[in-house]
Engineer: 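The structure is given below, and queries will be raised subsequently.
First the proteins, then the strands, lettered A, B, ... as listed; each starts at 1. On a predicted model such as this, the values are computed, not experimentally measured, just so you know.
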Amino acid sequence: MARKNRNPVGKNVDPEAQKKKTRTLTLKSSDGQEFSISESAAVLSIAIENMVEDDCAGGVIPLPLVDGGTLARVITYLNKHAEDGASDEEKRKFDEEFVSGMEMGVLFDVVLAANYLDIRGLLREVRRRIADRMKNKSVEWVRKTFHIESDFTPEEEEQMKKEFAWAWEGVDSDVDD
Amino acid sequence: MPFHLYRYLRLSRLCRSRLRRSGLRRSRPGPRPRPRPRPRRYSKPVHFPSDLIGEVCSWLPIHAVLKFQSVNKHWNTTLRDPHFAYLHYERAYGNLPYNTIAVEYFSYPAVNSSRISIQQNSPWSTPSCSFLDGTTLNLLGSIRGFIAVRKDYLYLHEVSFSKILLYNPVTRYGSQFYLYEDQRSLGLLAWGLGYDWRNGDFVVVWIEYISPWKDSPPRNPAGQVYRTGTLAWQNIITSNDINPAARTLGAFVGDWIYWLNSDNTGLVRFTIHSGELSAIPLPLPTIEDILFELR
């Protein structure tokens, strides 16, 4: 009995993967916006993948810790990385552009969302970008950006500064770029 | 003229603002103050989880890590944590251009000869410095981000005992342990420093043998291994035909410490978890082997 080839383009396409591509999930952000995303893209997030595996992804998945704007960004990332045609080089280029235009606050939101959704690649990329931005900044800039109060006495701070005086050299201006 | 208007005329701008600040009601209703622009979302305090701080800072170069230790106490403890040090070390390790090493190995001229020969008669010299109080520091190398330093205490121009210091440059703490309990000749001794991944012990190995005259075959090898977990020296079972080259520091790879053997014909391997010493022949690489490895 000759089996009819239903998929003439790719002969060895995994039917499971094909099903994933067509099935869509709906993600709901904290401010009530809903986004639909194909399952193959959504499972790049380990948290969502676990939900899908446990069969509790029916209907709408609420994400109470992620707001709409951030979720839209994250979904752009997921869609790009789940794309079939995209080569590794293309993806790397996309990652570079994806994080390069972001403000520090947006980066924080994205890193928290990626941490919550457990998206390894995005998390890595954004962490690197944050570190890249802050590496030549002053300590005051970091305190301001991370909303941290110093709990050292001025003497202690002076002591630490003296200890690694070379580390303090070559600090950029505090103007956020 | 109503009184409140009169008062309004008399008061300068500054006075009015002072009045307002002191809590007095304004005498004139006036235009409603313009609503303040809503604070931007990002100016609200972001709670940044501590593991994310560590993860983000692990991508920083070392000068930035040292600088940001003084942000606050929480950052200070996070950035001085040994786990952070390890993470930071791992990132640096992952960024090493290991491809260049492979290429250099590939173009190594000894590949075409029948045997790779390694110069062994050069003295084992490590960077060292001596102090007036009779101590000498020798820089041995690094294990897992720790810097290993051997400290020799000299007495009448002879080493009376030595210590190995493991120094963590990030936390700036270290541990030390005695190497010799009694005086030993430093001459014909092979050293090894390693790390036991199973229980997190640092391991120091020495193997010593007697050579009655110059270039004579070594005899009566003896060796001991020290583990920081048990804090005790243990004897290693040795045999006459397993002799690591003298005055060499073993290369620590994974679970093993390797030395070249004393007549340059092979390697001596010490397995850390089992404490076994074994001789292994040097492989003779062919060009096909190397091509296969590179693929």
Engineer: Kindly give the heavy-atom pair with the smallest separation between A:F152 and B:K73, and that separation in Å.
Structural biologist: CE2-CG, 3.7 Å
Engineer: Under a 4.5 Å cutoff for heavy-atom pairs, which residue among B:C57, B:S70, B:A64 has the most contacts with chain A?
Structural biologist: B:S70
Engineer: For B:W75 versus A:V142, what's the shortest heavy-atom pair and its separation?
Structural biologist: CH2-CG1, 3.6 Å
Engineer: Should the heavy atoms of other residues, nucleotides or ligands under 6.0 Å from NZ of A:K28 be counted, would the total exceed 12?
Structural biologist: no
Engineer: Quick check: closest heavy atoms across B:L60 and A:A131, and the distance to 0.1 Å?
Structural biologist: CD2-O, 3.2 Å
Engineer: Looking at every non-hydrogen atom in both residues, tell me the closest pair between B:K67 and A:V139 and how far apart they are.
Structural biologist: O-CG2, 3.5 Å
Engineer: Can you measure from CG (B:L52) to CD1 (A:I130) and round to the nearest 0.5 angstrom?
Structural biologist: 8.0 Å
Engineer: Step by step, work out the side-chain contact (heavy atoms from CB on, under 4.5 Å) result for B:E55 and A:L123.
Structural biologist: CA-CA 10 Å; B:E55 290 279 353; A:L123 203 52; over 6 Å; no
Engineer: At their closest point, which heavy atom of B:P61 faces which heavy atom of A:K135, and how far apart are they?
Structural biologist: CD-CB, 3.8 Å
Engineer: Under a 4.5 Å cut-off applied to non-hydrogen side-chain atoms, are B:V56 and A:M134 in contact?
Structural biologist: yes
Engineer: Name all residues meeting the side chain to side chain donor-acceptor pair (under 3.5 Å) criterion together with B:N72; count only those two or more places apart in sequence or in a different chain, and write none if there are none.
Structural biologist: none
Engineer: Could you tell me which portion of A:N115 (side chain, backbone, both or neither) has an atom closer than 4.5 angstrom to a non-hydrogen atom of chain B?
Structural biologist: side chain
Engineer: To the nearest 0.5 Å, tell me how far B:W59 CH2 sits from A:R129 CZ.
Structural biologist: 12.5 Å
Engineer: Please classify the contact between A:N136 and chain B as side chain, backbone, both or neither, with a heavy-atom cut-off of under 4.5 Å.
Structural biologist: both
